[in-house]
Amino acid sequence: MTATASGHPGPARLTPRGEPSPAVPDLASLQQRAAQRAAERAGGRDRLRGHIVCDGLVRIFKTEGVEVVALQGLDLVIDRGELVAIVGASGSGKSTLLNILSGLDTPTAGIARVADYDLLSLSNKRRLAYRRDVVGFIWQQTGRNLLPYLTALENVELPMKLAGRAGGGRKRRERAGELLDMVGVGYCADRRPGQMSGGEQQRCAVAVAVANDPEILFADEPTGELDEATGAEVFAALRTINAELGVTIVVVTHDHAVAGQVRRTVAIRDGRTASEVRRTARVTADGGTEMVSEEYAVLDRTGRMQLPAQFVEALSLRDRVRLNLEPDHVEVRPGDRAHGEESE
Ligand SMILES: Nc1ncnc2c1ncn2[C@@H]1O[C@H](COP(=O)(O)OP(=O)(O)OP(=O)(O)O)[C@@H](O)[C@H]1O
């Protein structure tokens, strides 16, 4: 469940400044298209809910008698066709979550369900099928995504060949070419990774990852080794793939700036989902469109939520806060006033 995080100085409605306006309707229409494609794939709009569901997810690592709680009751729901960024500081649990969702690791407790696969009780055979048929990956290190001695086209063809994809070599080659065009690196088809820039390699990696038509694409810091402009090109490729193929995409990164690249950003803190930013298109008074970002705090099943750090700092909140239930919102005030002293 999410609740709009409100507090000083007024509602957390942030209109990003200096954003190029052409990107505004584009992001909204791409998302619409992605949902439509995802619904077509899944057999109806009513099947969009909860493609990825984590409920009270716990992962405890034990090393030499010491326990590390990497995920401590994480809740997260991602619908089919969504493109979501998961952000968090180093050690917040992002990689642990991604390893679980991609079937590389098993959670200690809780619920982790992806595309009808229960990740807590997968047999080895089902796990293999899940990793082969349902999910695709992009890693931060370009070297992990592409084989250096194959051309871009051959790299995209390879997973189809290995999976014994029907249609023969010509069909595979055609699809590989289409995918490279889709992510904007068709001109690199005959180049080996060493002859491509880091951004071109990562866009090629996007094509490789979706070659066998997975339902979900996981990307671990895909722009971590790139500069901002090149990283934006990789995100553009992910948005196109999301919209054209209806693939659900989850990107994990420590870079909060990616919020400008996607419609939904989930922040993880201490192994829990802490807050979310959702960006929606709104019609302005003069008939134009502007992108509005709204920040939400995540409320868990027992009603706990974390106040955004900047709210806590702005009002120097500490120890305890005063709560007031108003007809349509809850008020949070510093709680250190002397007993009986009213603020207004
Ligand atoms: N295999 C492991 N054994 C023991 N502790 C682990 C293991 N993997 C992760 N941890 C611990 O779990 C916590 C979360 O780690 P995780 O790698 O998921 O964070 P992260 O947000 O991905 O960080 P980064 O951005 O630095 O990769 C950390 O305290 C980490 O030390």
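These values consider heavy atoms only, across backbone and side chains, with no hydrogens, waters or symmetry-generated copies. Treat the numbers as computed from the prediction; the structure is a model and nothing was measured. Whatever order the structure lists ligands and atoms in, that order sets their numbers, starting from 1.
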Closest protein heavy atom (residue, atom, distance) for [atom]:
| atom | value |
| --- | --- |
| atom 24 (P) of ligand 1 | Ser90 OG, 3.7 Å |
| atom 4 (C) of ligand 1 | Phe61 CB, 3.3 Å |
| atom 12 (O) of ligand 1 | Ala70 CB, 3.3 Å |
| atom 11 (C) of ligand 1 | Val68 CG1, 3.7 Å |
| atom 16 (P) of ligand 1 | Thr96 OG1, 3.6 Å |
| atom 25 (O) of ligand 1 | Lys94 NZ, 2.8 Å |

Of the listed options Gly91, Ser95, Gly224, closest to atom 22 (O) of ligand 1 (non-hydrogen atoms):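 Answer by nearest heavy atom: Ser95.
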Option with minimal heavy-atom separation from atom 19 (O) of ligand 1, where the choices are Ala89, Gly93, Gly88: Gly93
Walk me through it: do Leu57 and Leu97 pass the test side chain to side chain contact (heavy atoms under 4.5 Å, CB included)? CA-CA 9 Å; Leu57 195 62; Leu97 175 65; 3.9 Å; yes
Got a list of side-chain donor-acceptor pairs under 3.5 Å for residues 206-219, not counting sequence neighbours?
| unit_1 | atom_1 | unit_2 | atom_2 | d |
| --- | --- | --- | --- | --- |
| Asn212 | ND2 | Pro159 | O | 2.9 |
| Asp213 | OD1 | Arg41 | NH1 | 3.4 |
| Glu215 | OE1 | His51 | NE2 | 2.7 |
| Glu215 | OE1 | Arg80 | NH1 | 3.1 |

Short check: is a protein heavy atom less than 4.0 Å from atom 14 (C) of ligand 1?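 Within 4.0 Å: yes, protein heavy atom nearby.
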May I ask you to check if ligand 1 and Ser92 share an N or O to N or O distance below 3.5 Å?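 Min N/O separation from ligand 1 is below 3.5 Å for Ser92.
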With only distance considered, is Thr63 within less than 3.5 Å of ligand 1 through an N or O on each side? no
Stepwise side chain to side chain contact (heavy atoms under 4.5 Å, CB included) test for Glu82 and Arg263: CA-CA 9 Å; Glu82 271 200 273; Arg263 280 171 57 98; over 6 Å; no
